[in-house]
Number of protein chains: 4
Amino acid sequence: MDAAPPLSPRAAATRQRILDAAMAEFAAKGLAGARVDEIAARAGANKRMLYAYFGAKEDLWLTVLEAAYAAKREEEEQLDVAHLPPAEAMARLVAFNLRYTARHPEFVALLNQENVHAAAHLRRSGNVPALYSPLTTRLREVLARGAAEGLFRRDVDPLQLYLSIVALGHFTVANRFTLSTIFGTDLGSEAALQAREAHAVEVVLGYLRP
Amino acid sequence: MDAAPPLSPRAAATRQRILDAAMAEFAAKGLAGARVDEIAARAGANKRMLYAYFGAKEDLWLTVLEAAYAAKREEEEQLDVAHLPPAEAMARLVAFNLRYTARHPEFVALLNQENVHAAAHLRRSGNVPALYSPLTTRLREVLARGAAEGLFRRDVDPLQLYLSIVALGHFTVANRFTLSTIFGTDLGSEAALQAREAHAVEVVLGYLRP
Amino acid sequence: MDAAPPLSPRAAATRQRILDAAMAEFAAKGLAGARVDEIAARAGANKRMLYAYFGAKEDLWLTVLEAAYAAKREEEEQLDVAHLPPAEAMARLVAFNLRYTARHPEFVALLNQENVHAAAHLRRSGNVPALYSPLTTRLREVLARGAAEGLFRRDVDPLQLYLSIVALGHFTVANRFTLSTIFGTDLGSEAALQAREAHAVEVVLGYLRP
Amino acid sequence: MDAAPPLSPRAAATRQRILDAAMAEFAAKGLAGARVDEIAARAGANKRMLYAYFGAKEDLWLTVLEAAYAAKREEEEQLDVAHLPPAEAMARLVAFNLRYTARHPEFVALLNQENVHAAAHLRRSGNVPALYSPLTTRLREVLARGAAEGLFRRDVDPLQLYLSIVALGHFTVANRFTLSTIFGTDLGSEAALQAREAHAVEVVLGYLRP
DNA sequence: CATGAATGAGGGTTCATTCAT
DNA sequence: AATGAATGAACCCTCATTCAT
């Protein structure tokens with residue numbers, strides 16, 4: 001993913017520290033709200049290094065965003081559901097997605113912000129295909145198996161279902177602060193997550209019944 | 001809702017123009033990205049008036065946010081599904097929500113931003129109950145009717161279902177820019193909306209089958 | 001020369017103070033060496049006003065440069081030599097130019113700098129013709145008169161002579177610091193100026209003899 | 001001129017490459033505009049070497065400036081006009097100076113800049129006499145010969161004439177960008193140079209007629 | 001009620017210079 | 001002799017906010 005020349009271990013470490021700090025700062029305060037000084041301070045690095053490694057603030061933003069996509073993709077690629085019965089496999093996919101999202105609210109925050117900016121940065125990304133989720137492929141396989149075995153309905157559009165599955169996990173995380181304020185409950189608690197997960201699985205499997 | 005003294009018609013008009021301009025500017029650029037100068041210019045008003053009517057920028061933000069919630073609430077209150085058969089009523093609720101969200105991306109953008117800020121402003125709102133969606137009540141009624149008539153399953157948590165219904169419409173709007181970039185399609189087209197609406201209704205009704 | 005809306009007296013005064021301060025600062029330290037903070041401080045104005053009235057630093061530079069040209073042009077336009085005998089008229093032109101240059105070393109300094117930048121700013125000026133020196137016209141007239149009366153040689157290229165006359169006054173001012181260092185004398189003293197002026201007039205008139 | 005210990009051939013080569021690169025960069029962008037990184041990069045050298053060999057940026061500037069003076073001095077020393085008739089000798093001097101200046105616009109650019117800085121660096125030079133132009137001596141000799149032979153007028157101040165001769169060549173080069181912009185012609189073309197040279201020679205010889 | 005002018009704090013970015021290897 | 005990494009001080013510019021009229 002990097003066309004840049006290989007960095008010395010020391011430089012690579014500094015670069016990574018900046019990247020991590022930027023992820024935290026950006027997720028917490030957004031692109032405009034994040035402070036370059038603060039990122040450098042969090043990283044224990046000099047501001048100049050930030051510019052040396054990443055260019056301007058917005059370039060750093062894009063790098064962070066791509067890294068967040070890459071991290072999710074990586075976990076998804078290790079997800080093996082081919083050996084499970086269709087219903088169980090489907091449940092795994094739904095639960096995985098929901099849990100990943102809950103575990104990575106910073107990913108959701110970054111997406112939120114990038115959409116506020118009309119994906120202006122992502123559009124300039126040189127590597128959009130790498131953002132495509134392996135989950136869609138997994139989903140297609142499971143759907144096909146389930147339909148072939150007569151366990152799932154046959155009129156399902158895989159892309160729509162993919163969007164719905166992601167939506168079920170994403171929404172409550174993306175809006176956890178406003179929702180929590182309005183409903184007066186903490187949607188991030190383990191109990192709440194378990195309830196949400198069970199419900200999401202139920203919805204998808206219930207829908208898929210032939 | 002307003003404790004302020006009544007404004008002269010001219011003043012009220014200026015106030016409203018500022019509010020509209022702020023909504024547009026905030027939705028387009030976020031809280032941090034929005035410019036007070038730009039809002040005043042769009043409103044054809046003097047900056048000083050903005051401060052006179054709304055206090056600081058963040059107070060204006062909160063006012064705009066509350067107005068967006070109020071607008072949705074108002075439409076929801078006019079939604080009458082009590083006379084429809086349960087399945088049809090449910091379909092109406094799902095479709096309404098999805099369409100409203102699609103018609104009001106600025107509402108989604110505001111929510112996005114407010115969650116980036118951990119709902120810091122909303123929490124200071126003096127009128128949180130007004131944010132509560134009438135949809136939840138409608139949903140409860142329909143669910144109860146459907147279950148009583150044996151058309152819907154009985155183990156449904158209304159709050160969870162509410163969240164899911166909103167999620168199904170919200171997600172693709174909130175992330176329409178990143179999703180469009182990745183999938184290379186325009187999720188905002190009428191055709192795409194129709195497909196999404198049909199799918200969302202199918203999912204909910206499919207899930208609700210006893 | 002100004003297409004901008006008319007400024008209030010107070011604003012115009014502030015604008016002018018900034019312009020004067022900028023002229024001094026730019027002449028003393030060059031474009032890159034000048035400090036925006038310093039200009040604002042010298043002008044007793046807020047930095048923001050500088051940007052409000054002139055745009056960026058480089059725009060201010062161009063405005064200052066154009067003002068310097070305009071100032072010289074204005075003095076040249078008041079120069080009336082039509083009633084003098086040719087030789088006297090020519091001497092007046094040469095002396096005027098030399099003295100103006102000596103009285104306005106900041107003009108020379110600005111030109112120096114602009115040439116270091118390959119006239120990048122001047123080229124973007126919307127009003128290049130206004131930079132053209134009225135002196136050239138005066139010179140043509142005097143040359144023609146002198147030639148007609150048999151007092152001047154007839155093979156003179158007016159543009160070349162114009163360049164030479166300006167050169168004779170310009171060079172010692174433009175390079176007064178390096179020349180003074182090398183020759184160990186002060187080229188800016190009144191005595192030195194008088195000697196230079198007499199010499200320059202002699203050179204031109206001597207050359208023009210038929 | 002160099003009091004430093006003799007450098008190894010490799011080190012001397014690096015030093016020279018840095019000096020050449022600095023000359024180009026300084027001439028193109030001025031002292032403040034030149035970038036140390038860029039000089040090192042152009043020289044294919046490490047920045048540290050630059051500091052090791054030349055001290056700070058301003059010291060490098062002075063070294064470059066002295067080198068530019070030295071280069072001109074060297075060519076002037078090889079100029080032999082003692083064997084030519086006075087008028088021809090004088091023409092040679094005028095033409096040589098004009099052509100040298102035209103061939104070395106970087107020398108003029110450096111002088112421009114140094115005068116913007118009020119010759120602050122040159123004044124610290126340890127070797128000011130080396131800057132003194134051999135041309136002045138040549139000029140004195142020719143003037144004396146011409147006067148003795150009754151070919152030149154006798155009231156000529158050699159220093160003033162020296163300044164004028166240099167001025168005639170220097171001005172159009174120093175201000176070639178602004179002049180070209182205003183007059184809309186390229187003063188650097190060979191045709192323009194030839195015209196300028198012929199005119200300058202004419203002016204000087206015309207003036208010198210008894 | 002409305003306006004134009006002004007302010008000061010701080011944001012992103014750049015640069016000459018030095019350290020550690 | 002040479003290098004890559006790091007530093008901190010500024011510098012240009014922007015913005016929310018207030019004053020004077």
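So you know, we letter chains A, B, ... as the sequences are listed, proteins then strands, and number each from 1. Scope of the values below: all heavy atoms of this structure, side chains included, with no hydrogens, waters or symmetry mates.
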Legend entry - Rounded distance (Å) that lies between atom P of dA1(F) and atom OH of Y51(D): 19 Å

Inset, instruction - Please tell me which of V36(A) and L31(D) maps to the more 5' nucleotide of DNA chain E, matching each residue to the nucleotide holding its nearest heavy atom. - result: V36(A)

Inset, instruction - Would you mind pulling out the nucleotide paired to dA9(E), Watson-Crick or G-U wobble, both distances under 3.5 Å? - result: dT14(F)

Legend entry - H121(A) and its side chain to side chain donor-acceptor pair (under 3.5 Å) partner, picked from Q113(A), E114(A), E66(A): E114(A)

Inset, instruction - Specify the separation, in whole Å, of atom CD1 of I39(C) and atom C1' of dC12(F). - result: 11 Å

Legend entry - Most 5' of A45(B) and D37(A) on DNA chain E, judged by nearest nucleotide: A45(B)

Legend entry - Under 4.0 angstrom between R35(A) side-chain N/O and dG11(E) OP1 or OP2: yes

Legend entry - Donor-acceptor contact below 3.5 Å, side chain E25(D) vs main chain R35(D): yes

Legend entry - dA1(F) - base-pair partner by Watson-Crick or wobble geometry, distances under 3.5 Å: none

Legend entry - Side-chain N or O of T14(B) closer than 4.0 Å to phosphate OP1/OP2 of dC1(E): no

Legend entry - Of the listed nucleotides dA5(F), dA5(E), dG12(E), the one nearest the side chain of Y53(C): dA5(E)

Legend entry - Value in whole Å for how far the P atom of dG4(E) lies from CZ of R10(C): 13 Å

Legend entry - Spacing of W61(B) atom CH2 relative to dT17(F) atom C1', expressed in whole Å: 20 Å

Inset, instruction - Write down the distance between NZ (K29(C)) and P (dA10(F)), rounded to a whole number of angstrom. - result: 13 Å

Inset, instruction - May I ask you to say what A56(C) touches in the nucleic acid, namely base, sugar-phosphate or nothing, with a heavy-atom cut-off under 4.0 Å? - result: sugar-phosphate

Legend entry - N46(C) (side chain) and dG8(E) (base): donor-acceptor pair under 3.5 Å: yes

Inset, instruction - Measure the distance from CD1 on I18(A) to P on dA5(F) and round it to the nearest whole Å. - result: 12 Å

Legend entry - Check: dT3(E) base within 3.5 Å donor-acceptor of K47(B) side chain: no

Legend entry - Heavy-atom side-chain contact between F107(C) and Y69(C) under 4.5 Å: yes

Legend entry - dT14(E) - base-pair partner by Watson-Crick or wobble geometry, distances under 3.5 Å: dA9(F)

Inset, instruction - Would you kindly compare K57(B) and G44(A) by the position of their nearest DNA chain F nucleotide and give the one closer to the 5′ end? - result: G44(A)

Inset, instruction - Report the nucleotide, chosen from dA1(F), dA20(F), dT13(E), that has the shortest atom-to-atom distance to any side-chain atom of R48(B). - result: dA20(F)

Legend entry - Between dA5(E) (P) and L50(C) (CG): distance, integer Å: 15 Å

Legend entry - Heavy-atom donor-acceptor pair, D59(A) side chain to A56(A) backbone, under 3.5 Å: yes

Inset, instruction - Starting at atom CZ of F26(B), determine the distance to atom C1' of dA16(F), rounded to an integer number of angstrom. - result: 11 Å

Inset, instruction - Taking all heavy atoms of L110(C) and all of V64(C), pick out the closest pair and write down the distance. - result: CD1-CG1, 3.8 Å

Inset, instruction - Using a heavy-atom cut-off of under 4.0 Å over every strand shown, decide if A34(A) touches base, sugar-phosphate, or nothing. - result: sugar-phosphate

Inset, instruction - Please report the closest heavy-atom contact between A109(A) and V116(B), naming both atoms and the distance. - result: O-CG2, 4.4 Å

Inset, instruction - Would you indicate what A40(B) reaches in the nucleic acid, counting non-hydrogen atoms under 4.0 angstrom: base, sugar-phosphate, or nothing? - result: nothing

